[in-house]
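Structure first, commentary second.
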Amino acid sequence: LALADATSRSLAPVGRLDEDYKSRWRSIRVMYFTMFLSSVGFTIVITSIWPYLQKIDDTANASFLGWVVAAYSLGQMVASPIFGVWSNYRPRREPLVCSIFINVSANIYYAYVYLPRTNNKFHMLISRAFVGFGAGNVAVVRSYVAGATSLKERTSAMANMSACQALGFILGPALQACLSFIGEHGFTVSVIDLQLNMYTTPALLAAAFGVINILLVVLVLREHHVDDHGRQIQAINYTSEESEETIDHVAVLTSNVLFFIVMFIFAVFETIATPLSMDMFAWTRKEAVLYNGIIICCIGFESILVFLVVKVASKRFGDRPVLLAGLAIIFCGFFILLPWGNHYPKIQWADLKNNSLVSQVSKATITSNSSLEPTGCPYEQTWCQYTPAIHLAQFISADILIGVGYPACNVMSYTLYSKILGPKPQGVYMGWLTASGSGARTLGPVFVSHVYTILGPRWAFSLICAMVVGAILLLSSVYHRLIAFSVRHGRTTE
């Protein structure tokens with residue numbers, strides 16, 4: 001009896017540890033799903049924002065498109081530090097449920113922006129800002145996964161989370177592409193005065209996903225925190241003796257700058273894809289939504305393969321070399337996208353105008369005919385007349401390379417960041433990292449929409465190439481400082 005009693009006492013902690021382990025990973029998987037839905041909420045409308053904006057408000061131009069796309073990231077930039085601080089001192093369920101509810105409400109608002117009689121473009125701007133504000137929970141997700149994984153588990157968990165994010169990038173445009181067959185007119189639910197078409201249905205679907213996410217957070221998520229060795233820590237805002245040691249703030253700042261550059265570059269790419277393809281390949285609005293949806297979907301599949309490779313490559317070569325290689329690949333992608341040759345894009349209404357000028361009478365007659373849709377490069381963009389066209393092969397090649405470089409840089413940036421921070425609660429720091437990425441997503445679309453509209457793709461993509469070179473030089477200069485907290489203080493080795 002004594003032996004049995006002793007055996008039962010020794011087995012009880014093992015059982016609790018096993019249950020804690022299962023609960024911890026169930027909660028981490030809920031965070032994966034939350035990251036996935038955050039990605040879906042952004043990409044499910046990204047290829048249709050421009051034609052939807054043109055449809056509801058004919059005063060909107062490509063420059064305003066930059067502000068609409070940037071509004072999402074501006075909202076996220078404001079919200080991320082707020083939710084990060086909240087998650088450091090309260091159960092993470094609270095900021096998560098609040099943020100997802102805001103996201104759901106904002107998507108429903110987006111579906112109704114056609115209703116007002118005036119200023120529709122500003123209603124779209126506000127709705128996207130609130131969708132982004134709700135997406136500020138990404139900081140909470142990252143801090144939770146960083147705090148709930150050991151140092152050895154961290155890279156794999158972050159790569160899995162990025163794979164879920166990439167899956168969202170796949171499913172979002174894929175759903176948009178499928179829903180494009182509903183058409184621009186669709187049908188109306190008169191009871192609630194709702195038009196269901198290829199522009200509004202994706203936003204409503206994103207809202208439905210958000211409701212599912214709230215249920216998972218409430219019913220499944222539990223608080224877990226482990227140290228670098230995977231030992232369970234009970235307190236949410238636990239601090240150890242290790243956390244009293246100093247963090248390398250130069251490495252922290254550098255990581256934020258690198259993450260800003262990576263997100264800025266990708267924001268430029270995703271913003272310009274639809275207008276660029278409409279200008280260069282003379283695609284209609286519906287074709288641009290469908291084809292760019294398919295392309296982004298393929299990039300998402302490619303990204304998942306990259307994340308699988310990254311998990312292996314980071315173990316073999318380390319996090320920093322993978323980040324450096326990713327930046328080099330992105331540079332190649334944008335360099336290929338530079339326009340060359342003597343083939344020029346089709347100019348809108350080239351057969352109806354003389355020397356690229358259209359009389360106001362002719363233009364009014366054309367636009368009054370709703371069955372005609374102008375395709376090609378708008379004559380208002382003067383660079384269309386002297387800048388060589390970008391070929392479809394260039395566009396696809398750049399997509400492939402950026403689809404390799406961006407996910408590698410993305411996952412390595414915040415994996416390194418979480419390791420640099422060490423054992424202290426990371427909500428605030430992850431809030432600042434997410435804010436820096438959101439700031440990039442705010443400035444990137446505004447930058448590219450103005451530079452592209454005024455100066456054309458040659459200037460826009462040359463400046464991006466220069467920015468990538470700057471990021472490579474910055475990473476090289478502080479390469480030796482971008483190491484894990486425990487490695488820096490001599491408790492573990494790389």
Using the benzene-type ring in the case of Trp, are the ring centres of [X] and [Y] under 6.0 Å apart?
{"X": "Phe209", "Y": "Phe33", "result": "no"}
{"X": "Tyr72", "Y": "Tyr110", "result": "no"}
{"X": "Phe281", "Y": "Phe395", "result": "yes"}

Measure the [atom1]-[atom2] distance between [X] and [Y] for me, rounded to the nearest 0.5 Å.
{"X": "Phe187", "Y": "Leu194", "atom1": "CZ", "atom2": "CG", "value": "8.5 Å"}
{"X": "Asp279", "Y": "Gln381", "atom1": "CG", "atom2": "CD", "value": "5.0 Å"}
{"X": "Lys419", "Y": "Asp319", "atom1": "NZ", "atom2": "CG", "value": "4.0 Å"}
{"X": "Thr375", "Y": "Lys346", "atom1": "OG1", "atom2": "NZ", "value": "3.0 Å"}
{"X": "Cys332", "Y": "Leu337", "atom1": "SG", "atom2": "CG", "value": "12.5 Å"}
{"X": "Ile295", "Y": "Ser277", "atom1": "CD1", "atom2": "OG", "value": "7.0 Å"}

Sole candidate of Phe461, Phe264, Trp459 that passes ring-ring contact (aromatic ring centres under 6.0 Å, His included) when paired with Phe447: Phe264
Taking only residues at least two apart or on different chains, which pairs with a member in residues 321-342 satisfy side-chain hydrogen bond (donor to acceptor under 3.5 Å, both in side chains)? none
Non-hydrogen atoms of [X] and [Y] that approach each other most closely:
{"X": "Gln176", "Y": "Met198", "answer": "NE2-O, 2.9 Å"}
{"X": "Gly210", "Y": "Ile100", "answer": "O-CG2, 3.3 Å"}
{"X": "Val113", "Y": "Ser127", "answer": "CG1-OG, 4.0 Å"}
{"X": "Gly134", "Y": "Asn103", "answer": "C-ND2, 4.1 Å"}
{"X": "Ile182", "Y": "Thr201", "answer": "CD1-OG1, 3.8 Å"}
{"X": "Pro345", "Y": "Met280", "answer": "CB-SD, 4.2 Å"}

Count the heavy atoms belonging to other residues, nucleotides or ligands that lie under 6.0 Å from [atom1] of [X], then report whether that count exceeds 12.
{"X": "Phe260", "atom1": "CZ", "value": "yes"}
{"X": "Phe101", "atom1": "CZ", "value": "no"}
{"X": "Phe335", "atom1": "CZ", "value": "no"}

Ignoring hydrogens and geometry, is there a side-chain-to-backbone donor-acceptor pair from [X] to [Y] under 3.5 Å?
{"X": "Ser436", "Y": "Leu433", "value": "yes"}
{"X": "Gln394", "Y": "Ile336", "value": "yes"}
{"X": "Thr387", "Y": "Cys384", "value": "no"}
{"X": "Ser80", "Y": "Met77", "value": "no"}

Name all residues meeting the salt bridge (charged side-chain N to carboxylate O under 4.0 Å, His left out) criterion together with Glu94; count only those two or more places apart in sequence or in a different chain, and write none if there are none. Arg90
How far apart are the C-alpha atoms of Tyr452 and Val268, what are their side-chain angles, what is the distance that settles it, and do they pass the side-chain contact (heavy atoms from CB on, under 4.5 Å) test? CA-CA 10 Å; Tyr452 176 82; Val268 165; over 6 Å; no
Start with the C-alpha gap between Thr200 and Tyr52, add the side-chain angles, then the distance that decides, and say whether side-chain contact (heavy atoms from CB on, under 4.5 Å) holds. CA-CA 9 Å; Thr200 62; Tyr52 188 27; 3.6 Å; yes
Just so I know, are the side chains of [X] and [Y] near enough to count as touching, which here means a heavy-atom distance under 4.5 Å?
{"X": "Leu482", "Y": "Ser255", "answer": "yes"}
{"X": "Asn213", "Y": "Val104", "answer": "no"}
{"X": "Phe83", "Y": "Gln76", "answer": "no"}
{"X": "Leu324", "Y": "Ile472", "answer": "yes"}
{"X": "Trp383", "Y": "Arg458", "answer": "no"}
{"X": "Leu327", "Y": "Val262", "answer": "yes"}
{"X": "Ile192", "Y": "Tyr112", "answer": "yes"}
{"X": "Met412", "Y": "Val310", "answer": "yes"}

Given Arg128 and Ile49, is the side-chain contact (heavy atoms from CB on, under 4.5 Å) satisfied, shown in steps? CA-CA 10 Å; Arg128 291 302 293 170; Ile49 284 179; 3.9 Å; yes
Parallel, tilted or perpendicular: which fits the ring planes of Phe266 and Phe269, with parallel below 30° and perpendicular above 60°? tilted
Go through the steps to decide whether Phe259 and Asn410 satisfy the test side-chain contact (heavy atoms from CB on, under 4.5 Å), and finish with yes or no. CA-CA 7 Å; Phe259 191 67; Asn410 185 33; 3.4 Å; yes
So, Thr34 and Asn137: side-chain donor and acceptor under 3.5 Å apart, yes or no? no
For Tyr199, is the NZ or CZ atom of Lys55 found under 6.0 angstrom from the centre of its six-membered ring and inside 45 degrees of the ring axis? no
Name the atoms and distances for all side-chain donor-acceptor pairs under 3.5 Å in residues 298-307, with sequence neighbours left out.
| from | atom 1 | to | atom 2 | distance (Å) |
| --- | --- | --- | --- | --- |
| Ser303 | OG | Ile299 | O | 2.9 |

